[in-house]
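Please read all numbers here as calculations on a predicted model, not as lab measurements. Chain A is the first sequence line, chain B the second, and so forth, proteins listed ahead of strands; every chain is numbered from 1.
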2 protein chains.
Amino acid sequence: MRQRVDGRKVRGERRRTEIIEATLRVIERDGVAGVTHRTVAREAGVPTTSTTYHFASLDDLLIATLISCARDMATEVYWMIDRARSRGSRGAEEVANLLAEALGPRRGRTMAEYELYLLAARRPELRPAARRWLDVLTSMVRHDDEVAFRVFLAGIDGLLIQGLIDDEPPTAEELRPVVDYLLKPR
Amino acid sequence: MRQRVDGRKVRGERRRTEIIEATLRVIERDGVAGVTHRTVAREAGVPTTSTTYHFASLDDLLIATLISCARDMATEVYWMIDRARSRGSRGAEEVANLLAEALGPRRGRTMAEYELYLLAARRPELRPAARRWLDVLTSMVRHDDEVAFRVFLAGIDGLLIQGLIDDEPPTAEELRPVVDYLLKPR
DNA sequence: ATGCTACCTGAACGATAGTCCCAAAATATC
DNA sequence: GATATTTTGGGACTATCGTTCAGGTAGCAT
């Protein structure tokens, strides 16, 4: 008996999230350009019309994917910072490792995130979601050195973007001195 | 008599460059997603098949556009640096002004450049072209503090990307302290 | 059982995409 | 001038796109 209505609703939500996850995989593989109702449906293993049933349009699907992706990124970054802090280190090594990971094994995911990022540049309604991971980071640091923190965030973004057009991803060792310099206080 | 062959070639090249310029305008307006043979042809004022005649495929058109765009960007950045140097200043104000311009009046162009940038992330053959403006900058500075320079480049890229998802573009005055801090030596 | 509702899906429609084909025009070569 | 080559432009073919639609299925109240 226990909440059959919820059970049904949960099932519906599950489909939705499966489609969103499939969309993200498609973007990782082929980019936003590769996202169609049919490719997403095939990736998710659902009939084509299922994507149009759960999302009013392809645009809504992309928007939902960006929001989900940004939320994942934000929580991930949150725990990364938290872990680095609990170790008591200044975090330079941790940051270098994470950058190397984002440009190596997780390269597709990183590309997807920046493609959705640029999508937000053209659609104002997506910007709050795209800014979320920046906001999470901003909320975690003291505000007495705002300029230095903005420079740090910009540096991270720049290193990631530039790392994406390297022929082979930089290693954590190569990244380390750059991150060190970036974190060094003036 | 004088070089009829060149004359013909020039005319052919002219069509080509017109199509490339039209492609860039389309990307500025609607993004890479809006680029089709037909939209580009309409923008350039040429018949649809003209784009397929001068470029073997849509991909070739995008590649040619990226290369042209990167070359323009590189020469522009070159003269910007040169001007800043001749003024004897450290260039912080000049850089802040250029960033504000890139995020304000030239916002569409900046978006186009980063979309093509991300395109290069997925296609190795585009990467040399995408890296060109970085190379131009790199070749202009002394190599005795490479790390600092890499941080500077990453910072610029990050500030531009993040500025693209601001609801209203930052002014040169707002950018100034950040650029100042970014340029400050450790 | 009988509706009622939310959930799901196969088939199909109209629009638009990339690209090919062929003839006309322009240009170069003899 | 005659011929060959390049360039141009209109039309059409096929594939795929987003989306609609009509119907099917499963849980729930009456």
Side-chain angles (χ1 to χ4, degrees), chain A residues 1-27 29-66 115 119 122-123 125-126, chain B residues 1-27 29-66 115 119 122-123:
Chain A
M1 222 40 68
R2 206 186 55 196
Q3 291 166 331
R4 295 265 173 86
V5 178
D6 279 355
R8 192 179 53 196
K9 201 166 192 180
V10 162
R11 200 162 54 95
E13 287 297 314
R14 190 166 182 100
R15 254 280 155 96
R16 253 184 81 96
T17 62
E18 279 174 2
I19 292 175
I20 288 178
E21 287 165 5
T23 304
L24 187 54
R25 285 197 299 273
V26 171
I27 298 179
R29 196 194 327 120
D30 304 321
V32 174
V35 174
T36 71
H37 280 138
R38 289 170 173 84
T39 56
V40 169
R42 202 179 313 137
E43 175 70 33
V46 299
T48 304
T49 48
S50 189
T51 61
T52 68
Y53 174 77
H54 289 282
F55 301 91
S57 72
L58 249 196
D59 242 49
D60 289 335
L61 178 55
L62 277 177
I63 290 174
T65 303
L66 171 61
E115 287 203 11
L119 206 67
R122 294 192 184 275
R123 299 163 186 260
E125 71 268 23
L126 288 182
Chain B
M1 218 45 65
R2 205 186 56 194
Q3 292 164 330
R4 294 266 175 87
V5 177
D6 280 355
R8 188 182 60 196
K9 202 164 192 180
V10 162
R11 199 168 56 94
E13 289 295 316
R14 188 168 184 99
R15 256 279 158 97
R16 254 185 81 96
T17 63
E18 277 174 6
I19 291 175
I20 288 178
E21 287 165 5
T23 305
L24 187 54
R25 285 196 301 273
V26 171
I27 297 179
R29 195 193 328 119
D30 304 320
V32 174
V35 173
T36 71
H37 280 136
R38 290 171 172 83
T39 56
V40 169
R42 202 180 313 137
E43 176 70 33
V46 300
T48 305
T49 48
S50 188
T51 61
T52 68
Y53 174 76
H54 288 281
F55 300 92
S57 73
L58 250 197
D59 243 49
D60 289 335
L61 178 54
L62 278 177
I63 290 174
T65 303
L66 170 62
E115 286 203 12
L119 206 67
R122 294 192 184 278
R123 298 162 186 263

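Against DNA chain C, the stretch residues 36-48 of chain A makes heavy-atom approaches under 4.0 Å through A:R38, A:P47.
Between B:Y53 and the phosphate of D:dT7, there is a side-chain N or O to OP1/OP2 separation shorter than 4.0 Å. Taking side-chain N and O atoms only, A:H54 has no distance below 4.0 Å to OP1 or OP2 of C:dC7.
Going from atom CG of A:D60 over to atom C1' of D:dG18 covers 13 Å, rounded to whole Å. What separates CZ of B:F55 from P of C:dA17 is a distance of 19 Å, to the nearest Å. With rounding to whole Å, A:I19 atom CD1 is found 13 Å from C:dC7 atom P. The CZ atom of B:R15 sits 13 Å away from the P atom of C:dA26 (whole-angstrom rounding).
Contact annotation: the side chain of A:E43 never approaches that of A:E21 to less than 4.5 Å [non-hydrogen atoms, C-beta and beyond]. Side chains of B:T51 and B:L58 form no contact here, defined as non-hydrogen atoms less than 4.5 Å apart. In this structure, B:R16 and B:F55 have side chains that are in contact, with non-hydrogen atoms separated by less than 4.5 Å.
To the nearest 0.5 Å, atoms CG (A:L62) and CG (A:L126) are separated by 8.5 Å. Interatomic distance, A:T23 OG1 to A:L66 CG, rounded to the nearest 0.5 Å: 12.0 Å.
Side-chain proximity of A:L58 to the nucleotides C:dT19, D:dT19, D:dG9 is greatest for D:dT19.
A residue-by-residue look at B:T51 and A:T52 shows that A:T52 has its nearest nucleotide of DNA chain C further toward the 5' end.
Evaluation of the side-chain hydrogen bond (donor to acceptor under 3.5 Å, both in side chains) test over residues 30-40 of chain A, restricted to residues two or more places apart or in two chains, returns A:T36-A:T39.
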